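Reading through the structure tokens given below for one structure.
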Number of protein chains: 2
Amino acid sequence: MSKEENLMTSMQEIADKAGVSRATVSRVLSNHPSVKADTRKKVMYWVKKMNYEPNMIAQSLAGNSTNLIGVIVPEIAYPFFSEIIEAIERQAFYEGYSIVISNTNRKIEKEKNIIAEYKKRKVDGIIAVPVSERESVSVYKKISIPVTVITKKINNFNSIYISHYKGGEQIAKHFINSGFKKIGYIGPISNSTSARKFAGFKDYLKNQGVQLTDIIECNPPKNMNATLVAESVKEYISNKEIGSEVFFANDDISACEAINAFKMQGYDIPNDIKIAGFDNTLLAREMNPRLTSLAQPLEAIGKKAVQVLINQINYHTKPHMYEMESYVVERESTLNLNIK
Amino acid sequence: MSKEENLMTSMQEIADKAGVSRATVSRVLSNHPSVKADTRKKVMYWVKKMNYEPNMIAQSLAGNSTNLIGVIVPEIAYPFFSEIIEAIERQAFYEGYSIVISNTNRKIEKEKNIIAEYKKRKVDGIIAVPVSERESVSVYKKISIPVTVITKKINNFNSIYISHYKGGEQIAKHFINSGFKKIGYIGPISNSTSARKFAGFKDYLKNQGVQLTDIIECNPPKNMNATLVAESVKEYISNKEIGSEVFFANDDISACEAINAFKMQGYDIPNDIKIAGFDNTLLAREMNPRLTSLAQPLEAIGKKAVQVLINQINYHTKPHMYEMESYVVERESTLNLNIK
DNA sequence: CTGAAAGCGCTAACAC
DNA sequence: GTGTTAGCGCTTTCAG
């Protein structure tokens, strides 16, 4: 029990073995040019032999950088976010960073705690989906850590996002090009982000002289439990005849819920009613029928977020807005059988 | 530009303001009992006032603990894992730990890199879904970091898992109780984990005197892209008439793929063919029809994993096997309309 | 009960 | 080119 803990090979040991100073070992390891090839070789020999691995904690303390990126999302388990996270992890790993992740559950209090935690941990930067444009942002401003915002456009922050308005337009355009005349909408109509999809959708249709036949309003989902959507649909159906051939549901999960609700009332998808979703998550790919959905380039968003953040960390680049391109992925849920 | 970087309030500053030594501040902050109430108050006054936050990096270096848990999963974005991750995050946060996450993509090389990274980072412990029982485990053994394994049972490691064999049995039992006679299976029959589900399923049926009517073999999925399952199903159908009323698909994603394939061939689910999945992920809850599925208690697994790991970290507890209870969640995909 | 002092393992001027 | 010397910000004996 006496001589424990002396197991970690430290830089000093390498220095001793190689007959040089710690500084030289450090130089070799960080590829400092001014080291004689001979010395470098000697040091590397022992590094390999002793299987030396630098202690990142010590490096961080001395060097002022943790190579850690903090990631803040509302809900890790919603496929939309988990797919972005996967992309972030991939790029971060590639760039030599690790990621720490937390869930806000859309609670500003939790978000504040997370940020405080990340600050104490000295993460080099943060990639975040802010809970609230107002409250979150004021917190982000106070901390002196680079923050890159994703999926939302926030002034004075590096932001990587798609235009939800355009996304709505794209769906509308797709519907019209597919020959649909009677078009409906399922989702929130007033919550900020969701409402923008709706606005783009509605405006585009209006410009084309198309009136929305049905609007099934739902509250914005507070979490992945979207059963409210199914209920809204059911309630709507029981009060009113469906006049639409096709619906745009505000996100994939809502689309799934709506499909289930419609089916339960005897409607067949896509024969009686067609539906499109938004986000193009795993749900859209696996649903039956497979879901037409507006694809956000999740892989690209994650990758870009890391790149932009790292730039911000290293070069203090000025905030910039990166609007990514979205596109419609067509699948069976909106097959227009009349047209064919 | 001259006096940058002196912004962080350090412990020394608090000590100065409060007229005590750094040691005392440290004691106050770590709730050391032997501090006069008066002194404590004085120190806390300045801590609050200066908004002091300890530097965790320094704490880690001095104190030998990072309060970091490394999490290793095959695929962050598969709902099964992302739901566990969410549970892990919740519990870890509650216990004062942060989590760093990486994807192995089921590649042993990536896993080794991750472990090396975690080691350099001095994570206090690791929660892992090993890529391979043989190879991964030998790596885990070498590092001197507590490891808790989840979703698999590995000797000499704390393991939190369900019995896949029993899970298979439970599905079989459920089928029989539901009055099904002609039963089929879709999935791998030889890969380790998946094969155990199959074994339990098959054995239970056999004991009940039921022969499997159809076995649609698929390779174990190498990632979330399970289109191979749909192809296997299609191919099977084209060669052979389906003789089963109900199928057990090895996981939810396979069940979804199978449903899509069956539908494409004109079968209605659940009228013509019933299907059950495994894992009870988001997919099962949202699929149409909603999927009967064997539920792994994901929340419980994640929570337990954190608790067990922390115990292992603090008290060097001996490895223990924690077999969690699974259960069938019945939904529309296996509705037996003949029985009603 | 509190302070002084010795690190934790590494980096980065600054000398030689 | 390489070694010496200060730290980074905190914890923790050891005295007093």
Side-chain angles (χ1 to χ4, degrees), chain A residues 2-44 46-47 50-68 119-124, chain B residues 2-44 46-47 50-68 119-124:
Chain A
S2 50
K3 45 178 177 177
E4 289 238 38
E5 308 300 312
N6 48 354
L7 349 102
M8 289 316 317
T9 37
S10 75
M11 196 169 244
Q12 185 64 64
E13 293 180 52
I14 303 295
D16 292 348
K17 300 273 188 187
V20 297
S21 74
R22 252 164 36 214
T24 299
V25 177
S26 175
R27 289 193 190 99
V28 169
L29 259 25
S30 57
N31 275 313
H32 194 100
S34 66
V35 180
K36 227 197 315 182
D38 226 38
T39 321
R40 177 181 304 279
K41 209 169 130 192
K42 200 165 48 180
V43 169
M44 284 314 290
W46 286 104
V47 165
M50 309 280 309
N51 222 304
Y52 169 71
E53 305 253 271
N55 179 328
M56 288 185 80
I57 302 297
Q59 286 183 317
S60 298
L61 188 58
N64 254 323
S65 132
T66 54
N67 273 32
L68 253 192
K119 198 173 165 194
K120 286 192 288 188
R121 258 186 212 290
K122 307 287 176 213
V123 300
D124 288 344
Chain B
S2 48
K3 46 178 176 175
E4 290 239 38
E5 309 300 312
N6 49 353
L7 348 101
M8 290 318 312
T9 37
S10 75
M11 196 169 244
Q12 185 63 64
E13 293 181 51
I14 303 294
D16 292 347
K17 299 274 188 187
V20 298
S21 74
R22 250 159 41 210
T24 299
V25 177
S26 176
R27 289 194 189 96
V28 169
L29 259 25
S30 57
N31 274 314
H32 194 100
S34 67
V35 180
K36 228 196 318 183
D38 226 38
T39 321
R40 177 181 304 279
K41 210 168 128 193
K42 199 166 47 179
V43 169
M44 284 314 289
W46 286 104
V47 165
M50 310 279 310
N51 223 302
Y52 169 71
E53 306 253 270
N55 178 329
M56 289 185 79
I57 301 296
Q59 286 183 316
S60 298
L61 188 58
N64 254 325
S65 133
T66 54
N67 274 33
L68 252 193
K119 198 172 164 196
K120 286 193 289 187
R121 259 187 211 290
K122 306 286 176 216
V123 299
D124 288 345

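These numbers come from a predicted model, not from an experiment. First the proteins, then the strands, lettered A, B, ... as listed; each starts at 1.
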Inset, instruction - Just compare D/dT2, D/dG9, C/dC10 and give me whichever is closest to any side-chain atom of A/Val35. - result: D/dT2
Inset, instruction - State, yes or no, whether a side-chain contact exists between A/His32 and A/Thr24 at a heavy-atom distance under 4.5 Å. - result: no
Legend entry - More than 12 heavy atoms from other groups under 6.0 Å of NZ on A/Lys42: yes
Legend entry - Rounded distance (Å) that lies between atom P of D/dG9 and atom CG of B/Asp16: 14 Å
Inset, instruction - List in chain and number order the residues that pass side chain to side chain contact (heavy atoms under 4.5 Å, CB included) with A/Ala58, two or more places apart in sequence or in another chain; answer none if no residue qualifies. - result: A/Asn55, B/Leu61
Legend entry - Nucleotide C/dG7, atom P - distance to CG of A/Asn55 in whole Å: 17 Å
Legend entry - Residue whose closest nucleotide on DNA chain C lies nearer the 5' end, B/Ala58 versus B/Ser34: B/Ser34
Inset, instruction - Say whether, by atom type as modelled, one donor and one acceptor occur between the side chain of A/Arg121 and the main chain of B/Thr66 under 3.5 angstrom. - result: yes
Inset, instruction - Using a cut-off of strictly less than 4.0 Å between a heavy atom of the residue and any atom of DNA chain D, enumerate the qualifying residues of residues 17-32 of chain A by number. - result: A/Gly19, A/Val20, A/Ser21, A/Arg22, A/Ala23, A/Thr24, A/Arg27
Inset, instruction - Rounding to 10 degrees, work out the angle separating the end axes of the helix from C/dC1-D/dG16 to C/dC16-D/dG1 (five pairs an end). - result: 40°
Legend entry - Phosphate OP1/OP2 of D/dG9: any B/Tyr52 side-chain N/O under 4.0 Å: no
Inset, instruction - Could you tell me whether the side chain of B/Leu29 reaches within less than 4.5 Å of the side chain of B/Tyr52, counting heavy atoms only? - result: yes
Inset, instruction - Compare all side-chain heavy atoms of A/Arg27 with those of A/Thr39 and state whether any distance is below 4.5 angstrom. - result: no
Legend entry - Per A/Pro54 side chain, nearest of listed nucleotides D/dG9, C/dC10, D/dT2: C/dC10
Inset, instruction - Please state whether the phosphate of D/dT11, meaning OP1 or OP2, lies under 4.0 angstrom from any side-chain nitrogen or oxygen of B/Gln59. - result: yes
